[in-house]
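The shown structure was predicted, so the numbers you read here are calculated from the model rather than taken from an experiment.
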Amino acid sequence: MKFGGTSMAGTERIRRVANIVRRQQAAGHEVAVVVSAMAGETDRLINFCREANAIYDPAEYDVVVASGEQVTSGLLALTLQSLGCKARSWLGWQMPMKTVEGHSKARVETIDAPDMIASLERGEIAVIPGFQGVSGEGRIATLGRGGSDTSAVAVAAAIGADRCDIYTDVDGVYTTDPRIVAKARKQKAVTYEEMLELASVGAKVLQTRSVGLAMKEGVRVQVLSSFIDDDSTPADEFPGTLIVSDEEMEQILKDSDMERQHVTGIAHDKNEAKIILTRVPDKPGAVAHIFEPLAGASINVDMIIQNVGRDKGETDVTFTVPQADLARAQALLEDKRADIGFNRIITDDHIAKISVVGVGMKSHAGVASTMFSALADRGINIQAITTSEIKVSVIIDEDETELAVRVLHTAYGLDASDETA
């Protein structure tokens with residue numbers, strides 16, 4: 001079971017979490033719990049680091065920011081004890097959870113779980129701080145923002161858990177953001193592949209890395225809300241959304257006598273910025289000169305469009321980067337102007353990426369044309385397009401984001417009926 005920052009924000013909410021955990025143990029389960037820091041706490045600790053030293057040592061930064069989860073793991077263990085449960089905390093170095101790669105963006109490599117499994121078998125509840133492990137040098141290392149989801153999936157894989165329940169402030173995965181579309185429907189189940197695409201294109205329900213790890217290790221994940229009443233449906237009745245393999249999804253559809261939808265969900269992301277380089281020489285190596293410095297600075301490039309102008313031997317190259325990296329990307333490209341040979345840089349940070357995702361696209365034609373027609377009918381201009389086997393993404397003007405999401409949700413027949421809304 002994993003609980004996010006909003007679920008752990010203060011002693012009253014921690015007591016609510018403790019009661020949810022206690023009910024699962026009372027139902028006969030062996031329970032391990034991964035917790036995030038209290039909402040806002042990690043940002044507070046990051047600010048302390050910046051005030052102490054603007055050019056901080058990443059290893060010491062990890063020591064500071066990892067303390068938020070250490071506090072909540074201890075508090076939850078204490079609260080569970082007050083309710084009559086046997087519980088103890090397991091810090092990253094006590095398991096240990098071994099990580100590789102750099103501080104603040106470490107990856108879980110292995111978890112030595114025998115001691116914790118023995119503790120679970122004795123009826124103890126294991127409470128584990130998320131977001132952290134121990135590096136090869138024996139130092140605390142953190143997994144990056146949202147890393148507690150990854151910690152939870154890694155622990156579930158290490159102890160052979162039947163399921164990993166991710167408790168958050170939403171009660172499942174919806175066809176789109178319910179704050180934009182009132183008739184968005186909660187999904188009973190989605191595949192790892194679909195959730196991976198949704199997470200990567202803007203759905204904030206799960207961290208992308210955690211979904212990739214669940215897919216690799218075959219961990220069944222359920223997303224559900226911790227803000228539930230005492231008499232609500234138990235987690236084992238699957239009140240949230242299951243993230244499962246293609247095979248299990250086929251069985252779920254078969255058991256419920258349902259057909260697979262062409263489109264599972266619609267995601268949006270306003271944190272993108274567009275860069276256009278005009279009159280780039282149309283010759284081998286020119287594009288490499290553009291993207292090498294960006295890769296060297298760890299700036300992720302998403303959509304890339306190259307217009308080939310055969311007559312003049314020049315081309316325009318359009319691509320998108322995270323909005324927060326726009327100024328840095330622009331400066332890097334200006335420094336490399338002579339190497340790249342472009343004429344102008346044109347930027348636009350008032351854009352949004354709208355993505356339509358669904359495994360059903362593999363076997364159904366016309367998903368992309370439905371998207372383009374629906375947007376055209378409402379006068380919404382498409383600035384760029386990218387596709388994968390189960391996703392179509394477009395860039396549009398940021399001001400038209402909500403309209404586009406609503407239009408597409410209706411166009412693909414995802415609106416809940418009045419009886420089910």
Asker: If you draw a 6.0 Å radius around NZ in Lys336, do more than 12 non-hydrogen atoms from other residues or ligands fall strictly inside?
Answerer: no
Asker: Quick one: salt bridge (Lys or Arg N to Asp or Glu O under 4.0 Å) pairs with a partner in residues 126-154, sequence neighbours left out?
Answerer: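 As it turns out, the salt bridge (Lys or Arg N to Asp or Glu O under 4.0 Å) pairs with a partner in residues 126-154, which skip direct neighbours, are Lys2-Asp149, Asp43-Arg145, Glu60-Arg139.
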Asker: Has Arg23 got more than 12 heavy atoms of other residues, nucleotides or ligands less than 6.0 Å from its CZ?
Answerer: yes
Asker: Run His103 and Ser135 through side-chain hydrogen bond (donor to acceptor under 3.5 Å, both in side chains) and show every step you take.
Answerer: CA-CA 8 Å; His103 285 277; Ser135 71; 4.6 Å; no
Asker: Decide if atom NZ of Lys362 counts as having more than 12 heavy atoms of other residues, nucleotides or ligands within a radius under 6.0 Å.
Answerer: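 Atom NZ in Lys362 is packed in, count exceeds 12.
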Asker: Does this structure show an ion pair linking Arg220 with Asp162, if we count only N-O contacts that are shorter than 4.0 Å?
Answerer: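 No.
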Asker: Taking the inter-plane angle between the rings of Phe319 and Phe291 on a 0 to 90° scale, is it parallel (under 30°), tilted (30 to 60°) or perpendicular (over 60°)?
Answerer: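 Correct class here is perpendicular.
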Asker: Is the closest basic N to carboxylate O distance between Glu400 and Arg406 below 4.0 Å?
Answerer: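 Between Arg406 and Glu400 there is no salt bridge, as every charged N stays at least 4.0 Å from the carboxylate O atoms.
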Asker: Report yes or no: do Glu197 and Ser388 form a side-chain donor-acceptor pair below 3.5 Å?
Answerer: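 Short answer, yes.
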Asker: Side-chain atoms of residues 84-98: list all donor-acceptor pairs with protein atoms under 3.5 Å, sequence neighbours left out, distances to 0.1 Å.
Answerer:
residue : atom : partner : partner atom : Å
Lys86   : NZ   : Arg122  : O            : 2.9
Gln94   : OE1  : Leu91   : N            : 2.7
Lys98   : NZ   : Asp112  : OD2          : 3.3

Asker: Going by distance alone, is a donor N or O of one side chain under 3.5 Å from an acceptor N or O of the other, for Thr191 and Glu194?
Answerer: yes
Asker: List the residues meeting side chain to side chain contact (heavy atoms under 4.5 Å, CB included) with Thr278, not counting sequence neighbours, and say none if there are none.
Answerer: Ile276, Asp316, Asn343, Arg344, Ile346
Asker: Determine, for Arg15 against Glu12, whether the closest basic-nitrogen to carboxylate-oxygen distance falls under 4.0 angstrom.
Answerer: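 Not counted as a salt bridge, because no side-chain N and carboxylate O are separated by less than 4.0 Å.
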Asker: Does Asp236 pair with Arg163 as a salt bridge, N-O distance under 4.0 Å?
Answerer: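 Looking at Arg163 together with Asp236, the answer is yes, because their closest N to O distance falls below 4.0 Å.
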Asker: Can you tell me which residue among Thr320, Asp302, Thr401, Asp269 is in a side chain to side chain donor-acceptor pair (under 3.5 Å) with Lys353?
Answerer: Asp302
